[in-house]
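Here is the naming used below: chain letters follow the sequence lines, and residue numbers restart at 1 for every chain. Since we're looking at a predicted model, the values are computed, not measured.
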Amino acid sequence: MPNSEPAGYDPQSVERKWQRRWDERGTNRTDLAGATRPYFNLMMFPYPSAEGLHVGNVFAFVGADIHGRFRRLAGSDVFEPLGFDAFGIHSENFALKVGTHPAELIPRNIERFRAQLKRIGLMADWRYEVQTTDPRYYKWTQWIFLQLYRAGLAVKRRAAVNWCPACKTVLANEQVIGGFCERHPDVRVEQRMLDQWFFTISRYAQRLLDHLETADWSHSTRTIQANWIGRSEGAELVFATPAGKRITVFTTRADTVFGATYLVLAPEHPLVADLTTAEQRSDVQTYRRKVSAMDLVSRKVGEKAKTGVFTGSYARNPATGAAVPVWIADYVLMEYGTGAIMAVPGHDERDFEFAATMRLPCVRVVAGPAQDASTPLAAAEPDIPDGRLVNSPGFDGMPWREAGRAITAKLAEAGLATPVVNFRLHDWCISRQRYWGPPIPIIYCDGCGTVPVPEKDLPVVLPALEDFRPDDSGVSPLARLESWYRVPCPQCGKMGRRETDVSDTFLDSAWYFLRYPSADRDDLAFEPGLTRRWLPVSSYIGGNEHAVLHLMYARFITMALHDLGLVPFEEPFRRFRAHGTIIKDGAKMSKSRGNVVNPDAYVERWGADTFRMYLMFLGPYQEGGDFRDAGINGIRRFLDKVWTLVDGVAVGPQTPSPNPQDPALVRLMHRTIQRVTEDTESLSYNTAIAAMMEYVNALRDGVAVGSLLSPLAILLAPYAPHFAEECWERLGGKGSVMDAAWPRFDPALAVAEQVELVVQVNGKVRSRLPMPRGATEATVVNAALADPAVQRFTAGTAPRKVVFVPDRLVNLVV
RNA sequence: GCCCGGGUGGCGAAAUGGCAAACGCAGGGGACUUAAAAUCCCCAGGGGGCGACCCCGUGCGGGUUCGAGUCCCGCCCCGGGCACCA
């Protein structure tokens, strides 16, 4: 006789048991070479911080894991690898802070992370783990650099970089928060001119933008990226000086050229020296010095009063022929367009403000239907819908869009205009004057110049360096290690010097997905056969905080590799979904705010399965939300109910089972399978869980039999994998539930037999009628008219109009 | 300023133009218990009515429709992205 007191659900022992079994049986291993229906389920690999995983990480990984498990149960050969993004300034800064060398710190953190990730029950195939800090990995990061270098996509040039005077080092863009240093929130970041390596991603701007239109990506992610690429269509116009200098400006509003009453050049503009007259020289030089000493924040704030200096020169407005003064001002930026603008104070707020300060003339050139040609008292909106030109001889009365094209065409005949497209996307600066990264594989030789390290000499191993602190010299700490950087030139054999900069962490992560399937190969970066089979990535799930940097760089590197014939696809990710952000008390979790929630205690107390489901039940996966733990017991109660049901079946037929399968329960089962399938597919995990809860609540009122429970065990498997395994086993299932087939539903059974039809009178609900599915309009209307509750509102008159929605509602209009 | 999301009970939320609030948390009442916990049953947007029932209700104001949380127009607020970008 079975024990009369069934053992309750004990998550800890269930989870220990199944994790051990998965290891023993190799449940989570994927046969990469033999897979016939490959599905690459990718999630953003973590940076192994010292604090360990936080709840946000778990939320992200669990959601991706559910997707992978679902695809596997639905019949795919799912590959779900994980790795660690352990190079970079975050790790290095933390190492500096605690005074431990990153080479010692990082492996410890990784170990801790791996243990936590295993504990939450991810279906990861750990045989293919990658670590960006492993020479076997970064050998190929360096190799990719070399491929781009050979293709002319990696170039070295002088550029302004972020410099933190407190850290005494260059910072990556992502270390600069609102113009301040991440580690020194009260220290403003300066600009310094240094020789830097760039990837010329800007050449790919149009392609990167074009592919976004059709990409199967979260809408939000696509919008963010398109914004960042920042395409703007316009024209370059030429303003010539009497001395024969041609000043080219970029404008998106060529139609307003008749209102261009002066020019402004960025203070750094190369023509400034030539244009400056003797009497203006000292003013111009003073101003340029002042601007170059300024930090990025104070230069780029819009609210600041306009300043600038006249160069003393004039240039000819190509449309009006008038001589307009040429100024320099810091509100014009050298990095965008041509570094020079035509100022149209009548229709641009900034230009208006500047003109007002400097007492420069202002003209209206676009006006509404009233064709008001008066001088504006403030910058007038230039893109009013039916705006037409005024004060523009030859073009007056023309709609502004059309006028823009016409004016550009006319000026183009005289060689004074070219239609151009500008992008906000700048080239990617990849060099870092830091220690903790892959050395850039370049050797400088007095005779041969810049020489790439031969591929056979890769990797250029990052040398052990006890004191890796950055200094004030503007070069990497590696420049202190002469024994390392002094090497013979690979071409001529004479003594040369290694590049001492390392590459940006974002390069490490721009290609890791290519590496996973080939992670066990030392002879190549990515094996062509495996790459063709497993890539592009089938599904990528990650946070929108990487919408521009990581996701853009990964797309660029893939495109570049494609153009070099190294991969057969242009886009790395077939499908991308952004998960929401988990916040705490209304703010992003961060150590400095002290609101980081550690998942360990929850996993300890409730078990991984309950915690997984709870996080997914919190709200829509793609929206995220505020973390709170109120309600986690609701999930536990749900699992306990399932446990009890399974136990009732598993304990055996104490009462003879006449197999009393309630047809309504069978129908509900089909309906539940349908809902869970569709909702899991679309990442609507919260509603999938709700559907399972409804099903379980109904089962408890009926008679639970194995045939109603086994499908539930499979539906649960993506969400609560250990628990589902245990149920599956107790219900007599063979092997792992993960090798079962996702249950199918019969659409004919997935609907109820009886429906409750709503009866409205004049759009207000007045009654509900139980009806068999498929009842005809005539039947329903007759029944409705016979209903006393309806009769009170129809007042005995025949309806003027009847709206009938089969199986849902009838609306009687009287 | 421009570009995306979003705004629904006490709370998290759900709802192909068709019963607003499914599912869950917290709460109230009851059963079981010596008691508590656990479990089970019932109630639960606001207002009115003894009651059957009725009225109101998805940020605000209009509109389309037999019917609007959902579509359209104009606002307000919150979150995110871009930003002296010409």
Under the 3.5 Å rule, do the base of B:G6 and the side chain of A:E623 count as making a donor-acceptor pair?
no
Does the base of B:C66 carry an N or O that pairs as donor and acceptor with the side chain of A:N811 under 3.5 Å?
yes
Could you let me know what B:G18 is paired to, Watson-Crick or G-U wobble, both distances under 3.5 Å, or none if it's on its own?
B:C66
Side chain of A:R700 only, please: which of B:C40, B:C25, B:A86 is the nearest?
B:C40
Could you work out which one of B:C53, B:A22, B:A86 sits closest to the side chain of A:R350?
B:A86
Base paired to B:G79 (Watson-Crick or G-U; both N/O distances under 3.5 angstrom):
B:C4
Hey, is the side chain of A:R766 poking within less than 4.0 Å of OP1 or OP2 on B:C54, counting only N and O atoms?
yes
Between B:C66, B:A22, B:C84, spot the one nearest the side chain of A:V803, thanks.
B:C66
Candidate nucleotides B:A14, B:C85, B:C41, ranked by approach to the side chain of A:P620 - the nearest:
B:A14
Applying a 3.5 Å limit to both distances, which nucleotide forms a Watson-Crick or G-U wobble pair with B:G27?
B:C43
Hey, is the side chain of A:R637 poking within less than 4.0 Å of OP1 or OP2 on B:A26, counting only N and O atoms?
yes
Using a cut-off of strictly less than 4.0 Å, decide whether A:N686 has a side-chain nitrogen or oxygen near OP1 or OP2 of B:A14.
yes
